[in-house]
Asks: 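Handing you a structure now.
All figures in this text were calculated on a predicted structure; none of them were measured in a lab.
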Amino acid sequence: MMEKTCVHRILALFPNAIVRKLLLMLIFTLVFWLIFLASKDHTKFFLHLRNPITLKQWSIFKTFSQSETFQNPTVSPTEIELKIREILEKMDQLIPPRPFMHLNATTSAAHSVATILNPRDTYCRGDQLDVLLEVRDHVGRRKEYGGDFLKARMSSKGLKAGASGKVTDFNNGTYLLSFTLFWEGQVSLSILLMHPSEGASALWRARNQGYDRVIFTGWFVNGTSRVPSECGLTLNSSAELCQYLDARDQEAFYCVRPAHIPCEALTQMSTRNRDISYLSEEEWRLLHRSNVGIEMMKNFTSIKVLPCNKSVNIEKKCQVGMKTPFPSGYTWKGSWITTFCKQTRFNTAKSINDCLQRKLIYLLGDSILRQWIYYFKKFMRTLQFFDHHGTGVFKTHVLLDVNRHILIQWRKHSHPFVTQQIFSLKDENYIPREIDQVAGDKDTAVVITIGQHFRPFPISVFIRRAINIKKAIERLLLRSPETKVILKTENTREVHQNAEMFSDFHGYVQNLILRDIFVDLNVGIIDAWDMTIAYFTNDVHPPDYVIADQIGIFLNYIC
């Protein structure tokens, strides 16, 4: 009865008969549509009708819709996640799970057999020498799968010469070690078993299990007091969290918010290692120092290399965009010799000054790249440090030569950064954001390195950062194609450090991934991995002569 009264009142508002008929048709259509929806069990639809968007939900929607993610569809999170998944699947195939029951069943350096293929009394400079390695376990049984982490090197101590060897894994317990005989003289060969395949597999599994090997302590400034708080790439905490989010690149960092202190008050950070492991006791035995870096060619005598009137003249000048082979060069008489491009020697202050004239150089990365700016200052007396304020060795470093209009700046990369020293968060940024601030021109160069500080964390963190850096470089080269971008790979480091967190195996994997991501980009490559194997400098901070050679390649790229 009430419904009829309502309909009559509505119709009374429209005295025109035609309008009343149209209105009735509209009402009946609406009723029919609602009955149809109900018959299809559209319960979710009705729930949404009964539950309007709350103020909190609207606020989140508004923030997200206005983020740079949607302003720039080329960097959508979906695209990045798919790329990360693709690379992870590729690496899982490269490093499959290996059975591990007992130490005796793992690869033994002493029982494995290395054989020089097609041996000769003498060799010629430029020849390739191949070694077939057949790996066996500790009771002498032939292994039927690969995955051992090996380092191959040749050297001549008296000549201060060295070069990396190339390792090919046939995935059946045999390996081909290839050495290019770059110089003449007596040459020694070396194959180091860094980790057996079971150890490499365990490291790969353990690495991707957790973020909690490193404890981050953030310092919040509250007036004259400093309040510490737990921070991290992820936090398992029910407390209120401060979220520091780069929405476009989907990079996040979190801290537990101290009581009555705003999140913006976070100013400093330090870290320490947590006493935690994802390896079993047996797996740790594989990583003991006595089982890492064992020579597999102990009984081999040196080989003799003659000049044979062979000479190779490389005519093409070193420039960005060139494909770098492995090995990319060798050391000889304490200097690095590139093998894929014509190299100019910058041995004097004048030659370096002439190269750097009017140059803007941005060094973005870790403390190994910071060594560059110290070397420039030591070698170039006309360059002076500008007081950029800040404290500690991780503050922004700026070198200036006002007369020659030279600027060299080093800035550390953002999270994760692992050091016990307290560092400021106020003068740092993610590398992609730093690259976005570079205008670029023919006299601008950007050098990038990441790796060492990412080793203790799941590989997806490294992959995401590398992809975001690549996208930033693409944006830079789009607005300024003449800008020089140089990628320095990470180097080898000490073998006595916590292997689960810092093993060179992690660096090796990261170098493979980095080359895969940057394969089609117009950048220059400085292969610090190759150089430090050739020099045999197992130090996270290589000596000055290695830094000088890295800078020498850089100068060849930009001048």
Side-chain angles (χ1 to χ4, degrees), residues 82-101 103 105-109 112 133 135 137 143-152 164-177 191-211 213 277-280 282-288 291-294 296 326 450-452 454-467 489-490 492-493 495 497-519 529 533:
L82 287 174
K83 184 63 177 176
I84 292 173
R85 192 180 310 164
E86 175 191 328
I87 294 173
L88 279 173
E89 289 174 355
K90 191 183 299 183
M91 299 311 300
D92 283 336
Q93 292 175 4
L94 186 66
I95 319 167
R98 294 302 184 194
F100 176 53
M101 301 300 294
L103 186 64
T106 65
T107 306
S108 164
S112 297
L133 176 67
V135 296
D137 64 19
K143 294 189 71 176
E144 297 180 351
Y145 52 83
D148 299 289
F149 177 41
L150 309 172
K151 286 183 184 177
S164 301
K166 184 177 180 181
V167 180
T168 303
D169 185 352
F170 294 119
N171 295 311
N172 61 0
T174 59
Y175 300 82
L176 182 67
L177 294 306
I191 304 171
L192 297 181
L193 175 62
M194 303 307 295
H195 301 305
S197 52
E198 296 81 7
S201 177
L203 284 171
W204 177 246
R205 187 201 73 244
R207 173 173 185 171
N208 295 303
Q209 283 189 247
Y211 292 80
R213 293 180 184 84
S277 175
Y278 293 98
L279 298 171
S280 68
E282 282 292 303
E283 288 169 336
W284 261 112
R285 290 181 63 193
L286 296 177
L287 304 178
H288 190 272
N291 294 320
V292 176
I294 309 302
M296 305 181 83
F326 187 88
I450 59 171
Q452 297 282 351
F454 288 78
R455 292 187 183 190
F457 303 97
I459 195 68
S460 59
V461 178
F462 178 84
I463 297 172
R464 183 184 300 277
R465 187 67 52 81
I467 292 172
T489 66
E490 63 185 286
T492 58
R493 65 176 298 162
V495 295
Q497 294 292 332
N498 181 333
E500 184 174 356
M501 295 174 64
F502 297 111
S503 168
D504 272 345
F505 171 74
H506 299 312
Y508 169 71
V509 171
Q510 289 176 173
N511 276 335
L512 290 179
I513 291 171
L514 209 62
R515 284 186 172 274
D516 182 53
I517 290 173
F518 286 82
V519 66
W529 183 269
I533 289 179

Asks: Tell me the closest heavy-atom pair linking Ser277 and Trp284, and the distance in Å.
Replies: OG-NE1, 2.8 Å

Asks: What's the separation between atom CD in Glu86 and atom NZ in Lys83, rounded to the nearest 0.5 Å?
Replies: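 Here the interatomic distance stands at 4.0 Å.
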
Asks: Please examine the side chains of Leu133 and Ser112, heavy atoms only from C-beta on, and report whether any two atoms are closer than 4.5 Å.
Replies: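 Yes, close enough: below the 4.5 Å cut-off.
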
Asks: Search all heavy atoms of Phe462 against all heavy atoms of Gly451 and return the closest pair with its distance.
Replies: CE1-CA, 4.1 Å

Asks: To check you understand the geometry: which heavy-atom pair defines the closest contact between Asp169 and Gly147, and what is its length?
Replies: OD2-N, 2.9 Å

Asks: Can you tell me if Thr492 and Trp529 form a side-chain donor-acceptor pair at under 3.5 Å?
Replies: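 No, no side-chain donor-acceptor contact under 3.5 Å.
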
Asks: Would you say that Asn291 contacts Leu286 through its side chain, given a criterion of any heavy-atom pair below 4.5 Å between the two side chains?
Replies: no

Asks: Under the 3.5 angstrom rule, does the side chain of Ser201 hit a backbone N or O of Arg98 as a donor-acceptor pair?
Replies: yes

Asks: Does Arg207 come within less than 4.0 Å of Glu500, counting only side-chain N to carboxylate O?
Replies: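 No, no charged N to carboxylate O under 4.0 Å.
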
Asks: Looking at Ile450 and Glu490, what are the two nearest heavy atoms and their distance?
Replies: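 Answer, listing the atom of Ile450 first, then Glu490: O-OE2, 4.1 Å.
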
Asks: Do Phe505 and Phe149 have ring centroids that are under 6.0 Å from one another?
Replies: yes

Asks: Taking it one step at a time, do Ile467 and Ile517 satisfy side chain to side chain contact (heavy atoms under 4.5 Å, CB included)?
Replies: CA-CA 7 Å; Ile467 292 172; Ile517 290 173; 4.0 Å; yes

Asks: Is any side-chain heavy atom of Ile191 less than 4.5 Å from a side-chain heavy atom of Tyr175?
Replies: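 When only atoms from C-beta onward are counted, Tyr175 and Ile191 do not touch, as no gap falls below 4.5 Å.
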
Asks: Within the side chain of Arg465, is there an N or O that forms a donor-acceptor pair under 3.5 Å with the backbone of Phe454?
Replies: no

Asks: Just checking, Arg213 and Phe457: is the charged tip under 6.0 Å from the six-membered ring centre and within 45° of the axis?
Replies: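 No, Arg213 and Phe457 do not form such a contact.
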
Asks: After noting the C-alpha distance and the side-chain angles of Ile294 and Leu192, does the key distance pass the side chain to side chain contact (heavy atoms under 4.5 Å, CB included) rule?
Replies: CA-CA 5 Å; Ile294 309 302; Leu192 297 181; over 6 Å; no

Asks: Between Ile463 and Leu88, does a side chain to side chain contact (heavy atoms under 4.5 Å, CB included) hold up when you go through it step by step?
Replies: CA-CA 9 Å; Ile463 297 172; Leu88 279 173; 4.2 Å; yes

Asks: To the nearest 0.5 Å, what is the distance between CG on Leu512 and CD on Gln510?
Replies: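 With rounding to 0.5 Å, CG (Leu512) is 10.0 Å from CD (Gln510).
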
Asks: How far apart are the closest heavy atoms of Ala499 and Leu203, and which atoms are they?
Replies: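 Here Ala499 and Leu203 meet closest at O-CD2, 3.6 Å.
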
Asks: I'd like to know if the side chain of Ser280 and the backbone of Glu283 have a donor-acceptor N/O pair within less than 3.5 Å.
Replies: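 Side chain of Ser280 to backbone of Glu283: a pair is present.
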
Asks: For the CZ atom of Phe100 and the CG atom of Leu279, what is their distance to the nearest 0.5 Å?
Replies: 10.0 Å

Asks: Where the side chain of Tyr508 meets the backbone of Leu150, is there a donor-acceptor pair that is under 3.5 Å apart?
Replies: no

Asks: Rounded to the nearest 0.5 Å, how far apart are CG of Asn208 and CE of Met91?
Replies: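 One finds 10.0 Å between CG of Asn208 and CE of Met91.
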
Asks: Any heavy-atom pair between the side chains of Ile513 and Ile87 that's under 4.5 Å?
Replies: yes

Asks: Inspect the contact between Arg455 and Asp504 and indicate whether a charged nitrogen and a carboxylate oxygen are less than 4.0 angstrom apart.
Replies: yes

Asks: Can you find a pair of side-chain heavy atoms, one from Arg464 and one from Ile84, that are under 4.5 Å apart?
Replies: yes

Asks: On a heavy-atom basis, which atom in Ser197 and which in Asp148 lie closest, and how many Å separate them?
Replies: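 What the structure gives for the nearest pair is N-OD1, 2.8 Å.
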
Asks: I need the His195 NE2 to Lys151 NZ distance, nearest 0.5 Å.
Replies: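 That separation rounds to 8.5 Å.
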
Asks: Nearest 0.5 Å, please: how far is CG in Leu177 from CE in Met296?
Replies: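 Going from CE on Met296 over to CG on Leu177, the span is 9.0 Å.
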
Asks: Give a yes-or-no answer on whether the side chains of Tyr145 and Asn172 include a donor-acceptor pair shorter than 3.5 Å.
Replies: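 There is no such pair between these side chains.
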
